[in-house]
Amino acid sequence: MDLTTLERCSGSYVIDDLRDRADDLVWRLRWGEDWLYVYLLLEFQSTIIDPWMAVRIQTYLGLLYQDLIRAEQLSAAGRLPPVLPIVLYNGAQVWNAAETLEPLIEPAPPVLAAYRPRQGYLWLDERRLAKVERQPTRNLSAALFRLEASRGSSEAMAIVRAVIDWLKDPGQTGLRPAFAVWFGRVFLPKRRPGIHFPPLTDLMEVYHMLAENLEAWTDQWEQQGLE
């Protein structure tokens, strides 16, 4: 696979049923002369795990394939492209949904075995992955997962400092504001509810904000604990 060809599919490739799901993304990259599609479903902050996730995945991939057929986005041999479906989950509850479609269907006579759908998906649990000891040290996804699971500002500061160092390369400049925006819109509001944070556009701003407010926040937490 040629990772340099990775691109997000435009809305013209995605049927309305999928386009309306703002938290789902469809990407593609070259696999030889053909395309490999990656369907990414973001299951974030979900309080109730959908036990029928495998059914949803099969439905979404069927709609995607129908749209690719209409758009004539087929392989050189005239076949449908392969798709990797990924479910990215960051909830606190342990994931307990079936990871393939087969266990969700009642057993049937052996003569029907060949007709049972076997759709599956790749399940990634951010919190579980953040606790895995043997994960890449210089990896932005791993850093994001560790930030999600971090327990205090000191730990978050260390991770942000490391990410800043990793993103010094000119080719990574686009990711610096992306991390900063995520930090200001997602991370900080969850950790400090009720506080208005100014727009953050650079990771150094994030680091300085943590450094300037760490002592004050710690004092507030200690007072809340005493109360």
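Excluded from the calculations below are hydrogen atoms, water molecules and symmetry mates; all remaining heavy atoms, backbone and side chain alike, are included.
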Would you say [X] and [Y] make side-chain contact, with heavy atoms under 4.5 Å?
X	Y	answer
R161	M204	yes
P117	I105	yes
L167	L140	yes
Y121	E99	yes
F183	E205	no
F179	L144	yes
P85	Y60	no
R56	T59	no

Around [X], counting heavy atoms of other residues, nucleotides and ligands shown, do more than 12 lie under 6.0 Å from its [atom1]?
X	atom1	answer
R118	CZ	yes
R116	CZ	yes
W95	CH2	yes

Grouping I, L, V, M, F, W and Y whenever their side-chain heavy atoms are under 4.5 Å apart, do [X] and [Y] come out in a common cluster?
X	Y	value
L101	L63	no
I49	L104	no
V87	V94	no
W35	L64	yes
V83	V55	no

Considering the options D125, L25, L42, which one meets the side chain to side chain contact (heavy atoms under 4.5 Å, CB included) requirement together with L88?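 When D125, L25, L42 are each tested with L88, the side chain to side chain contact (heavy atoms under 4.5 Å, CB included) holds only for L42.
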Verify, without hydrogens or angle tests, whether Y65 (side chain) and P81 (backbone) share a donor-acceptor contact under 3.5 angstrom.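 Yes, Y65 side chain to P81 backbone: donor-acceptor pair under 3.5 Å.
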For the residue pair L68 and L74, what are the closest heavy atoms and their distance?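 So the two residues come closest at O-CD2, 4.4 Å.
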